[in-house]
A.B. asks: 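Got a structure for you, written out below as structure tokens; questions coming shortly.
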Number of protein chains: 4
Amino acid sequence: MTVLDKRSAILDSAEVVFSTQAGAATIDEIAKAAGVAKGTVYLYFKSKDELFISLIEERIAAYMKKTQDYLAAAASIEDIVTFLVQLRMEFVVQHFGLLNVLFQAVVPGSAEAQDRIWTASQNAQKPFVEAINRVLGPNDAAMDPQTMVVMISGMADHLVSHRIWEDGFLDAQRSAADVLGFVLPCLRNVYPGR
Amino acid sequence: MTVLDKRSAILDSAEVVFSTQAGAATIDEIAKAAGVAKGTVYLYFKSKDELFISLIEERIAAYMKKTQDYLAAAASIEDIVTFLVQLRMEFVVQHFGLLNVLFQAVVPGSAEAQDRIWTASQNAQKPFVEAINRVLGPNDAAMDPQTMVVMISGMADHLVSHRIWEDGFLDAQRSAADVLGFVLPCLRNVYPGR
Amino acid sequence: MTVLDKRSAILDSAEVVFSTQAGAATIDEIAKAAGVAKGTVYLYFKSKDELFISLIEERIAAYMKKTQDYLAAAASIEDIVTFLVQLRMEFVVQHFGLLNVLFQAVVPGSAEAQDRIWTASQNAQKPFVEAINRVLGPNDAAMDPQTMVVMISGMADHLVSHRIWEDGFLDAQRSAADVLGFVLPCLRNVYPGR
Amino acid sequence: MTVLDKRSAILDSAEVVFSTQAGAATIDEIAKAAGVAKGTVYLYFKSKDELFISLIEERIAAYMKKTQDYLAAAASIEDIVTFLVQLRMEFVVQHFGLLNVLFQAVVPGSAEAQDRIWTASQNAQKPFVEAINRVLGPNDAAMDPQTMVVMISGMADHLVSHRIWEDGFLDAQRSAADVLGFVLPCLRNVYPGR
DNA sequence: AATGAATGAGAGTTCATTCAT
DNA sequence: GATGAATGAACTCTCATTCAT
């Protein structure tokens, strides 16, 4: 197992444990889940706070990486929004436990952790906002793109939370369709002619 | 101070402390904030978990109480949705610290606490769903009302979180208008003719 | 057992444990020795460092209390020096383990602890220095009183350390006589005519 | 770098680190300061305790080496005492951090370490005691030479500690003169005619 | 009913020591 | 010989909970 593998193993275990136990996750459990000793966790992360922040930041970075190519080529608002919803659903299927933590402000840990996580999650929305601005061109649209991205993200997240809790699983396809079925027609209202 | 007053004082202090300190809230702080001794908290709530659950359940109950009369008289989906959004914003202005905790699954405490809080927050949506069903009558609408309520709630919560973090305060009026400006036109698509 | 008793019990146990184990003393051992739970120690002292500093400061304060009346009445340098040596020996019989720590700069704990302990131990010498200055009156003596107090203290401490380690006990009477037998004759040299 | 060089490098670094950080010195820091890996320290010293003891013993051995020739030739008690005080001051200038540790019983580490260090420091006084005995010849002096060596060492050490803490540096010349100015006249009392 | 001193299990963190490379 | 990643026992400190008053 290489060094990177071990770091990843700890992060993966941390995700599972944080997701399962929320604020009650202990370093002991994370270490055990990763198959390493408690002290080893501290070789890779200088504190529990640091570990948690790294986990979120790394997951968000991976999420954002996927957006770049697509958004650069996106030609319409419908494209962008569709992509946003689908990507978010996909992300959630993989990282459900982190969802609430990721795109909400409730995080265990210090005030510094809350700030850094909030900043990271805001950054994750930027590429979408920028893509929309590019597509719109100079405009006087009724709703600023930032607000729209926030609202649509909220819809998706909430629906996912609801269905996973209710049903125990997520039909990402159908959920994305539900969100888009509601949202896409409206876009013509908000940004007419695009 | 009557018995009920003391219980309320503890709950109010608990809300302030939980909101301010998230997971780090201690019984000591709550007691001090309520002006009672630590032991007294345990006369009214059998554990910290119990106190937290009671807090959420009571706040949700108060929220739901407000809906009954209005929803019974509501005549259109637009009415209902408008009311949902405005009420939610108003609630948030009063209880922002609890928002994320209330309508998300991330809670400090035991698995039992998570379940009870989730159940309570789901119940809070029911009256809206029922009102919509009543207004719709027997129907084959494209989107089931439950899904719609969930999505709209998500939009509102997310926007609120975003703006409070970003700006440090919430313009409830404007935010409600932003959400409704986007949502109401959509409704005509989803439930045409209503 | 009153509150003050418990605080004293902890301090007494701390002295024994610190003296016996030097830097390796643990809160657990101190608590056990005092017959209280670990957490109780933290009711009375906010950290291990604080506990250690309080211990030293309190012992020095008790030591200084004994000096006041006597020094105010002391009429000659010989009186003062004799008192210094005897008091120091007596103190050491009661608090041997702390000796090295008390009047030397080697202390376990933070830099802040070192400073505060150093300051306290310096203050313990002041009354002697002042008394000597008073007795001397305005003068151009060969040796400043501060230096002399420091040196004589060093002699006494060192001798005590040596004999306790070597013999396992201290004959305070004899040791004081040894120090004074060496020192007193010289005083006539250093401060002639007094 | 030869094997001996590396051992020396570790000892030198250990001295710096022990002196600077008192009880908080870690093997990691010592290794880093010596430019070797942590594991390497264990090739030369079987434990941290062992390293610490070796450090003290080696410094004392070096100190004693300097005394042999001189003491063998010393012809009077004044010579010997003067040499004792000056050598001790000189030693302290080089090894101040270790002083308190060296000639006091406060040492980090096990009881065994305390014993061995105490023994070593006592041995360092022996050559002086023997030299004095030799110079005195068979005698019934008022004070046994052992006691006198101990007391004079204590004066010197204490004065040094005091001045370094107070002033931040040591004027060895002046301090030696202060001690000798006080002590030499006393000797004529204690050992008259020598 | 009300208190708050006392408890002790359990948390995060450190660091001497080991050992496969 | 030399390394440094890995270990886990042991530490300090916190805090939910209890109970004598």
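Just so you know, these numbers use all the heavy atoms, side chains as well, and skip hydrogens, waters and symmetry mates. Order of the sequence lines fixes the chain letters, A, B, ..., with proteins taken first and strands second; residue numbering starts at 1 for each chain.
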A.B. asks: Decide, yes or no, whether a salt bridge links C:E29 with C:K38 under the criterion of side-chain N to carboxylate O below 4.0 Å.
C.D. replies: no

A.B. asks: Please report the distance, rounded to the nearest Å, between CG in B:L43 and C1' in F:dC19.
C.D. replies: 12 Å

A.B. asks: Taking 4.0 angstrom as the limit, do C:R116 and C:D49 come out as a salt bridge?
C.D. replies: no

A.B. asks: Provide, to the nearest angstrom, the distance between the CZ atom belonging to A:R7 and the C1' atom belonging to F:dA5.
C.D. replies: 15 Å

A.B. asks: Taking atom P of E:dA1 as reference, at what distance in whole Å does atom CG of B:D5 sit?
C.D. replies: 16 Å

A.B. asks: Show the distances under 3.5 angstrom between N or O atoms of the protein and N or O atoms of nucleotides 11-13 of chain E.
C.D. replies:
unit_1: E:dG12; atom_1: OP1; unit_2: A:K48; atom_2: NZ; d: 2.7
unit_1: E:dG12; atom_1: OP2; unit_2: A:I27; atom_2: N; d: 3.1
unit_1: E:dT13; atom_1: OP2; unit_2: A:Y42; atom_2: OH; d: 2.6
unit_1: E:dT13; atom_1: OP2; unit_2: A:K48; atom_2: N; d: 2.9
unit_1: E:dT13; atom_1: O5'; unit_2: A:Y42; atom_2: OH; d: 3.4
unit_1: E:dT13; atom_1: O4; unit_2: A:K38; atom_2: NZ; d: 2.9

A.B. asks: Has the side chain of B:T40 got a donor or acceptor atom that lies under 3.5 Å from a matching backbone atom of B:V36?
C.D. replies: no

A.B. asks: Check side-chain contact (heavy atoms from CB on, under 4.5 Å) between D:D115 and all other residues, then give those that pass, not counting sequence neighbours.
C.D. replies: C:W165

A.B. asks: In Å and rounded to the nearest 0.5 Å, what is the CD1 to CG distance from C:I10 to C:L55?
C.D. replies: 12.0 Å

A.B. asks: Is the shortest distance from a Lys or Arg side-chain nitrogen in B:R59 or B:D12 to a carboxylate oxygen in the other one below 4.0 Å?
C.D. replies: yes

A.B. asks: With DNA chain E as reference, determine whether C:G39 or B:T40 sits nearer its 5' end, using the nearest nucleotide of each.
C.D. replies: B:T40

A.B. asks: To the nearest 10 degrees, how far apart in direction are the end axes of the helix from E:dA2-F:dT21 to E:dT21-F:dA2, each fit to five base pairs?
C.D. replies: 10°

A.B. asks: So D:I27 and D:Y42, side chain to side chain contact (heavy atoms under 4.5 Å, CB included) or not? Walk me through it.
C.D. replies: CA-CA 10 Å; D:I27 291 282; D:Y42 284 84; 3.9 Å; yes

A.B. asks: Within the 4.5 Å heavy-atom criterion, are C:I117 and C:F52 side-chain neighbours or not?
C.D. replies: yes

A.B. asks: Could you give the CG-to-P distance, from C:L51 to F:dT12, as a whole number of Å?
C.D. replies: 11 Å

A.B. asks: Please report, rounded to the nearest Å, how far the P atom of F:dG4 is from the CD1 atom of D:I30.
C.D. replies: 17 Å

A.B. asks: In whole angstroms, how far is the C1' atom of E:dT7 from the NZ atom of C:K6?
C.D. replies: 10 Å

A.B. asks: In this structure, how many angstroms lie between the P atom of E:dA6 and the CZ atom of C:F45, rounded?
C.D. replies: 12 Å

A.B. asks: Could you tell me if the side chain of B:L51 sits less than 4.5 Å from the side chain of B:I30, heavy atoms only?
C.D. replies: yes

